[in-house]
Amino acid sequence: MQNKIRVRFAPSPTGYLHVGGARTALYNYLYARKNHGTFVLRIEDTDQERSTEESLKMQIEDLKWLGLNWDEGPHPENLQDNGEYGPYRQSQRLSIYNEYIEKLLESGKAFYCFMSDEEHEELKNTAIQAGKPGQVNSPYRDKSLAEAKKRIASGEKAVVRFRVPDQEVIYSINDLVRGKVEFPSTMVGDFVLVRSDGMPVYNFCCVIDDALMKITHVFRAEEHLSNTLRQLMIYEAFNFEIPKFAHASLILGADKQKLSKRHGATSVGQYRELGYLPQALNNFLALLGWSSPSGEEILSIEQLTSEFSIERLNSSPAVFDETKLKWVNASHLRALNHADLWQLIEPILKIANINVPESEAWRSQALELFKSYMETLNDSVELFKPLDIQYYEISEEAKETLSWETTKVVIEQWKKLIVQKDSEFLTEEQFLNLQDQVKNDCGVKGKQLFMPIRVAVIGKPHGAELKTLVPLLKTTDLIARANIVLENM
RNA sequence: GUCCCCUUCGUCUAGAGGCCUAGGACAUGUCCCUUUCACGGACAAGACACGGGUUCGACUCCCGUAGGGGACGCCA
């Protein structure tokens, strides 16, 4: 049997979870599930300055919300390590890294470097001015290890750098998305492995961890493509088996620049707050760089899982189009059953302080009516608001309707006929009859008839069908609303 | 500047040398449904960046050019 497929998502807890990160996590998740592999969550928190516990928690919450459950990594509830290859937080793997650094130092593949930032800068500039690539090799690359250790023992600060090959060597990978990609070793200079404070950097930790955690496939974004060279050098230095790489295209803003905060909402949390469904966000993100063989665009996570394949990953960058996201979201929203949909909407209405009847039948009827108007969960606020009498108001667009000659009689008659009813709610049939009666009594039909009634019901001349809408409102409410309109005429 | 990646309708994409008069989806427009609006349905408009090869034949392969993006950190 082949080695079991193991993939990982390795976010850095330096902020919220980005939609780009979410897509990377999704691809990893889908590939693992599709192939019955293991999905590992690893926390890359070697940048102690910027990493925060709060970001970690936020990102974990976002991943949970998206349903991208991991098999190994920090436990989703208590964040304790869960799995055989821990610790899963790089900040807790220092002793492991030190062991490997020591090997590199001993074998001369890495060295202590005492160069100052200024010296480094100067070497870089002279190289560029000479028309050479701006990569520099350290003047300390051939100094003796014993001597360096002596200097450090006496209190001097040093970084550890990797000693890149003296001659140009071509490193190459067979990227699962891009095919063969070659990197000349001269693309990089002697790069830092360990900071002067003793904490190793991303490129090093990433390789050690992927190797030790037996990662077989690395799905990540294209911005990491050029990091791959440094990583290949480290893999080679330890004779580690190299995983398969799949560099997905970047997600861009409308201006074709890499998606960033100035493009608006870019975090998973923001979309959640905007009223998007996790299944919709997953669906939309999957389609940014991947397509279903069936050509279908609205797909559940189960469909995504069964249809996912690397071959259908696209190598060119994709613009994040919020309009399409809305459509995907609306489609998923409409596919929800009323009980589930209500559960999602209820807290939103509560926060907006909108009160509606408790009855399940009432709710189901209201959702049936409003579902086709909703693109996001938050749209429910504007939809349900008019049903709560305390928010009833006459809109600007109702002005024209109210200016018609016949409007007043229509509304007066409408009110009069409701007053005669003694039931709490009107049935659809009762409403239809009542509307007919208004038509006959006033001799008014068409727009002149139902627009005034609609204004008397929801304050606007446009909106959902009256015969479904009216039975959702108490007759006492209907009368109160009619009174408000009449007072305002 | 150097290196790497990318280039099909406005946007997401299909396309593995003849199935391409380039297909679908979002958005747009028109019409139908509807006593309004939304949903739904129909139709329309809309793209192979450019130039050279290779080939009987190129959206597909190769080379250039242009444009875009990424990397060149003691960030990831």
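Each chain gets a letter, A, B and so on, in the order the sequences are listed, and its residues count up from 1.
- At a cut-off of 3.5 Å, with distance as the only test, a side-chain donor of His338(A) or Glu368(A) sits close to an acceptor on the other residue.
- In this entry the distance linking CD of Glu322(A) with C1' of C12(B) reads 15 Å, nearest Å.
- Among the protein residues, Gly189(A) comes within range of no part of the nucleic acid, since none of its heavy atoms lies under 4.0 Å from any strand.
- Closest non-hydrogen pair, Cys113(A) versus Arg161(A), comes out as SG-NE, 3.3 Å.
- With a 6.0 Å cutoff to the six-membered ring centre and a 45° limit on the axis angle, Arg230(A) counts as a cation-pi contact of Phe191(A).
- With RNA chain B read from its 5' end, the first of the two nearest nucleotides for Leu325(A) and Arg23(A) is the one closest to Arg23(A).
- Looking at Arg42(A) and Glu44(A), a side-chain N of the basic residue comes within less than 4.0 Å of a carboxylate O on the acidic one, giving a salt bridge.
- The CD1-P distance, from Ile251(A) to U11(B), rounds to 16 Å in whole Å.
- For the P atoms, the distance from G53(B) to U60(B) is 14 Å, rounded to whole Å.
- Using a 4.0 Å heavy-atom cutoff across all strands shown, Val328(A) reaches no nucleic acid atom at all.
- The aromatic rings of Phe219(A) and Tyr31(A) sit tilted relative to each other, their planes meeting at an angle between 30° and 60°.
- Mapping Ser316(A) and Glu375(A) onto RNA chain B by nearest heavy atom places Ser316(A) closer to the 5' end of the strand.
- For the pair Leu367(A) CG and C39(B) P, the interatomic distance rounds to 18 Å; values are reported in whole Å.
- A49(B) and G68(B) have their P atoms separated by 16 Å, with the value rounded to a whole Å.
- Comparing the C1' positions of U2(B) and A14(B) gives a spacing of 37 Å, expressed to the nearest Å.
- In this pair, His247(A) and Phe245(A) present their aromatic rings parallel. The plane angle is below 30°, not in the 30 to 60° band.
- Taking atom C1' on both U28(B) and C12(B), the two are 16 Å apart, rounded to the nearest angstrom.
- Heavy-atom distances under 4.0 Å link RNA chain B to Phe450(A), Met451(A), Arg454(A), Pro461(A), His462(A), Gly463(A), Ala464(A), Glu465(A) of residues 450-471 of chain A, given in residue order.
- Under the Watson-Crick and G-U wobble criteria, each requiring two contacts below 3.5 Å, nucleotide A25(B) is paired to U11(B).
- For the C1' atoms, the distance linking U7(B) with C50(B) amounts to 11 Å, nearest Å.
- For the C1' atoms, the distance linking U13(B) with G51(B) amounts to 27 Å, nearest Å.
- Dashed line: the shortest gap from a side-chain N or O of Asn314(A) to OP1 or OP2 of A14(B) is under 4.0 Å.
- Between Leu313(A) atom CG and A14(B) atom C1' the separation is 15 Å, expressed in whole Å.
- If you check A42(B) for Watson-Crick or wobble pairing at under 3.5 angstrom, you find it paired to U30(B).
- Relative orientation of the Phe431(A) and Trp414(A) rings is perpendicular, given thresholds of 30° and 60° on the angle between their planes.
- Contact check for Glu296(A) versus Glu307(A): no side-chain heavy atoms found under the 4.5 Å cut-off.
- Between the side chain of Tyr373(A) and the base of C37(B), at least one donor-acceptor pair of N or O atoms lies under 3.5 Å.
- Pairing partner, C3(B): G70(B), with both Watson-Crick or wobble hydrogen-bond distances short of 3.5 Å.
- Exactly one residue among Tyr16(A), Phe284(A), Phe320(A) makes a ring pair (Phe, Tyr, Trp, His ring centres under 6.0 Å) with Tyr271(A). That residue is Phe320(A).
- Spacing between C9(B) and U21(B) at atom C1', rounded to whole Å, works out to 16 Å.
- Base-pair partner of U54(B): not found among the strands shown (Watson-Crick or G-U wobble, both distances under 3.5 Å).
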Sugar-phosphate means primed atoms, P, OP1 and OP2; the rest is base. With that split, encode nucleotides 71-76 of chain B 5' to 3' as B, S or - using protein heavy atoms under 4.0 Å. SSSBBB
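- Taking a cutoff of 4.0 Å between a charged side-chain nitrogen and a carboxylate oxygen, Glu429(A) and Lys467(A) do not qualify as a salt bridge.
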